[in-house]
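Inspection log for the structure reproduced underneath, given as structure tokens.
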Amino acid sequence: MAEAPTFGAIEGGGTKFVCGIGSGPDDLETATFPTTTPRETLSRCLAFFQENPRQIEALGIACFGPVDVDPDSASFGSITTTPKEKWSDTSVASVFRDALELPVAFDTDVNGAAIGEGRWGAAQGLNAFAYFTIGTGIGAGLVIAGKPVHGLTHPEIGHIRVPRHPRDSFPGICPFHGDCLEGLASGPAIAVRWDCDPVTLPPDHEAWSFEAHYLAAAVMNVVLTVSPKRVILGGGVMQQTHLFPLIRERLRDQLGGYIARPEFEDGLADFVVPPGLGARAGILGALALAGSAGS
């Protein structure tokens with residue numbers, strides 16, 4: 001049997017960059033670097049690959065954004081209008097392509113995680129699914145007909161409008177839109193609204209009723225627009241696993257019986273699910289992405 005090819009992977013996040021070298025979930029060497037300035041962070045990542053004795057065939061980068069994912073664009077592979085200080089208009093892919101002289105595939109962090117879940121995780125065998133990350137920010141990767149969705153830019157589901165919970169007057173924290181989904185339901189939004197670290201809130205706190213309301217509304221919008229066969233919810237906020245049954249219940253209520261499918265007859269336990277790869281979805285997705293570099 002031929003040996004599996006060795007690829008490089010980068011999961012670029014707002015708080016940390018994870019670099020990896022390997023061929024799959026059972027063969028992956030990683031290193032983690034804090035997200036500081038672009039120069040310092042990217043230099044540390046580059047050194048990881050340059051100093052590693054294993055040779056890689058290509059590199060996949062799944063990066064926080066917004067990013068330019070249009071291969072025909074002059075700024076392809078760059079972070080664009082991010083609120084992350086000092087990172088706007090930062091070219092990422094070209095740094096590694098030029099220094100390593102290797103093909104580089106580039107996509108959003110959430111599309112990367114979705115690709116990983118499709119290859120090795122909770123979306124195996126499905127050609128249409130969605131992956132949400134709910135943490136410092138909110139984003140979603142969509143895979144339709146087996147390919148991640150790109151268009152004018154890439155999906156920005158974290159910034160859609162959702163109907164307000166009837167008891168919620170919080171103005172939201174998004175610097176662009178105020179009370180969009182991310183402004184109301186991200187980890188920092190929960191912390192500001194309730195003036196505490198969300199992990200300290202007990203499962204029966206009203207905060208989780210609000211959170212389930214907003215996340216269910218976001219999932220409903222995706223269900224009714226792109227018709228995924230499964231929705232995967234990851235990220236730090238979803239470590240509060242008691243949210244899953246709350247979201248499923250709210251989703252059924254909000255859909256009002258409009259979608260009649262067998263998948264919706266079991267309480268949605270197989271439709272709204274946690275990541276099969278856990279916290280490794282992003283880095284493994286970047287590794288899977290590397291296999292498409294140059295194609």
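In what follows, residues are counted from 1 in the order of the sequence shown.
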Do [X] and [Y] have side chains that get closer than 4.5 Å, going by heavy atoms?
X	Y	result
Arg164	Tyr214	yes
Glu29	Asn52	yes
Phe48	Phe17	no
Pro228	Val222	yes
Leu255	Phe264	yes
Pro274	Met238	no
Thr90	Leu42	yes
Thr82	Pro66	yes

By side chain to side chain contact (heavy atoms under 4.5 Å, CB included) - contacts of Pro245 (at least two apart): Arg248
Could you tell me which residues satisfy side chain to side chain contact (heavy atoms under 4.5 Å, CB included) with Arg97, sequence neighbours excluded, listed by chain and number? Ala93, Ser94, Val104
Determine whether more than 12 heavy atoms belonging to other residues, nucleotides or ligands lie under 6.0 Å from atom CZ of Arg54. yes
If you draw a 6.0 Å radius around CD in Gln50, do more than 12 non-hydrogen atoms from other residues or ligands fall strictly inside? yes
Examine Leu243 and Ile157 and state if one hydrophobic cluster contains both, with Ile, Leu, Val, Met, Phe, Trp and Tyr joined whenever side-chain heavy atoms are less than 4.5 Å apart. yes
Inter-residue atom distance [X].[atom1] - [Y].[atom2], 0.5 Å rounding:
X	Y	atom1	atom2	value
Glu211	Arg250	CD	CZ	11.5 Å
Leu28	Leu284	CG	CG	5.5 Å
Trp208	Gln240	CH2	CD	4.0 Å

Among all residues two or more places apart in sequence or in another chain, which pass the ring pair (Phe, Tyr, Trp, His ring centres under 6.0 Å) test with Phe64? Trp87
State which residues pass side chain to side chain donor-acceptor pair (under 3.5 Å) with [X]; sequence neighbours excluded, sorted by chain then number.
X	value
Arg44	Glu40
Arg193	Asp168
Thr225	none
His177	His159

Whether Glu206 and Arg167 form a salt bridge (side-chain N of Lys/Arg under 4.0 Å from carboxylate O of Asp/Glu) is what I want to check. yes
Restricting to pairs with a member in residues 62-72, which pass salt bridge (Lys or Arg N to Asp or Glu O under 4.0 Å), not counting sequence neighbours? none
What salt bridge (Lys or Arg N to Asp or Glu O under 4.0 Å) pairs are there with at least one residue in residues 99-112, not counting sequence neighbours? none
Nearest non-hydrogen partners of Gly234 and Pro275, listed with the distance: CA-CG, 3.7 Å
In the hydrophobic cluster built from side-chain contacts under 4.5 Å, what are the other members alongside Val110? none
Remaining members of Phe176's ILVMFWY cluster at a side-chain heavy-atom cut-off under 4.5 Å? none
Per the ring-ring contact (aromatic ring centres under 6.0 Å, His included) rule, what does the pair list look like for residues 115-145, sequence neighbours excluded? none
Hey, does the side chain of Glu11 reach the backbone of Gly285 with a donor-acceptor pair shorter than 3.5 angstrom? no
Taking it one step at a time, do Thr6 and Ser23 satisfy side chain to side chain donor-acceptor pair (under 3.5 Å)? CA-CA 5 Å; Thr6 299; Ser23 59; 5.7 Å; no
